[in-house]
Amino acid sequence: MKRNYTIDTLRTIATFLVILLHISASFVIEGKENDAYDISFWIGNVIDSFTRICVPLFVLISGLHLVGRKESFKQSYGKRASRILLPIFVWTIIYLMYKAALQYLSSNAIDYKPLFSSLISGKPFYHMWYLYMIIGLYFFAPILNNNISLISRKALWLISVFLLFFGMLNSAYNLFLRNSPSFLLWFIDYLGYFLLGYMFKNSNKNISIITLAIIYLISSVLISILSFYTIKHFDSLYFYSYLSPLVVVASLSFYKIFQQIRLPENILSRISNLTLGIYLIHAGILDVINKSIDKFNFKVFDNPVIEISVKFIIVLLISTLITYMFSQSKYLKRII
């Protein structure tokens, strides 16, 4: 099958946005905890708001590739399992060991209860939740594919929109009531994105690229403004949710842009095969950098824009280099 360089490029962009999100989030959290909504908070808030489309983009791309495939259950589960289960297992162990080491260094003891709790909650490290969620989508895909030919395209659109609205409502319900459903059920909220990734693939209706870009920009600006309001007055991060209305609109608009253009092979498309490894590794690299800065009280950054930029470049370069080296090994490439 011929490579789709446009979608490869989009996957790499989504990975870059994840890194930016995780770097900028610390400025938002610090402002929230200290009730200080200064320039650092706003820079972090704006970047965070513009990067919230990253996870929806990953799910949309997964739906594009996995929905509609003509594979048996055995073929589908075999391919997906070999691709995702080993990396999840290995990196879960790595991050649990990392957290245990940090505990030991700080207190000369290891408390296994929080480690076990993070494991059974599907969050051995904060970014790993996505891998645990996507297991459900991979499990559901062949069930959908074996029945999709029986459903009309109009009905599929209705089902997709219904599932997306259900995910939005259920996500809001769990957030406001502070429910914590099992990670085995997380995928249900993302089924709308998953199916729409496929539906947009063969959509003949084009929308002006400028219009889509403006929708993305306006939605992201509104996310930052409303997030400031809800953080300050309600201690809530609702509008950052990957299933909040504005993030949904921004994500679908951005994705639609890349569905309507055709890009040639480029540097971003060439490294798209490394994005899973970069995703898995970057959070650990960023954590080491942040903890080193705190421990040694480095004051090298007086400007949040410079700090975010430098951290982004360092984290991206180190994560990409490690992933590339792993990809050259017969055995290590299986975990990235």
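Just so you know, residue 1 is the first one in the sequence shown, and it goes up from there.
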So, [X] versus [Y], ring centres under 6.0 angstrom or not?
{"X": "Tyr37", "Y": "Phe41", "value": "yes"}
{"X": "Phe228", "Y": "Trp42", "value": "yes"}
{"X": "His282", "Y": "Phe16", "value": "no"}

Parallel, tilted or perpendicular: which fits the ring planes of [X] and [Y], with parallel below 30° and perpendicular above 60°?
{"X": "Tyr229", "Y": "His233", "answer": "tilted"}
{"X": "Tyr95", "Y": "Trp91", "answer": "tilted"}
{"X": "Phe183", "Y": "Tyr132", "answer": "perpendicular"}
{"X": "Phe73", "Y": "Tyr77", "answer": "tilted"}

State whether the number of non-hydrogen atoms from other residues, nucleotides or ligands found under 6.0 Å of [X] atom [atom1] is greater than 12.
{"X": "Ile210", "atom1": "CD1", "value": "no"}
{"X": "Tyr126", "atom1": "OH", "value": "yes"}
{"X": "Arg83", "atom1": "CZ", "value": "no"}
{"X": "Gln75", "atom1": "CD", "value": "yes"}
{"X": "Lys123", "atom1": "NZ", "value": "no"}
{"X": "Tyr130", "atom1": "OH", "value": "yes"}
{"X": "Phe176", "atom1": "CZ", "value": "yes"}
{"X": "Leu105", "atom1": "CG", "value": "yes"}

Query raised in the report: Does a salt bridge link Lys79 with Glu71, judged by any charged N lying under 4.0 Å from a carboxylate O?
Result: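 Glu71 and Lys79: salt-bridged.
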Is a salt bridge present between Lys291 and Asp294, judged by a nitrogen-to-oxygen distance below 4.0 Å?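 Salt bridge flag = no for Asp294 with Lys291.
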Exercise. Output the distance between atom CD1 (Ile84) and atom CG (Leu131), rounded to the nearest 0.5 Å.
Key: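 It is 4.5 Å, given to the nearest 0.5 Å.
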Phe50: what forms a ring pair (Phe, Tyr, Trp, His ring centres under 6.0 Å) with it, not counting sequence neighbours?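 For Phe50, the residues satisfying ring pair (Phe, Tyr, Trp, His ring centres under 6.0 Å) (neighbours in sequence not counted) are Tyr216.
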Checking [Y] against [X]: is there a side-chain donor and acceptor pair closer than 3.5 Å?
{"X": "Asn45", "Y": "Ser227", "result": "no"}
{"X": "Tyr193", "Y": "Ser160", "result": "no"}
{"X": "Tyr242", "Y": "Asp189", "result": "no"}

- Query: Do we get Lys256 above Phe200's six-membered ring, with its NZ or CZ under 6.0 Å from the centre and within 45° of the axis?
  - Reply: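 Yes, a cation-pi geometry holds between Lys256 and Phe200.
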_Taking salt bridge (charged side-chain N to carboxylate O under 4.0 Å, His left out) as the definition, give me every residue that meets it alongside Lys333, ordered by chain and number, with sequence neighbours left out._
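Once residues adjacent in sequence are excluded, Lys333 has no partner under the salt bridge (charged side-chain N to carboxylate O under 4.0 Å, His left out) criterion.
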Backbone N or O of Leu21 within a donor-acceptor pair of the Ser24 side chain at under 3.5 Å?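 Indeed, once roles are kept as given, a pair shorter than 3.5 Å links the two residues.
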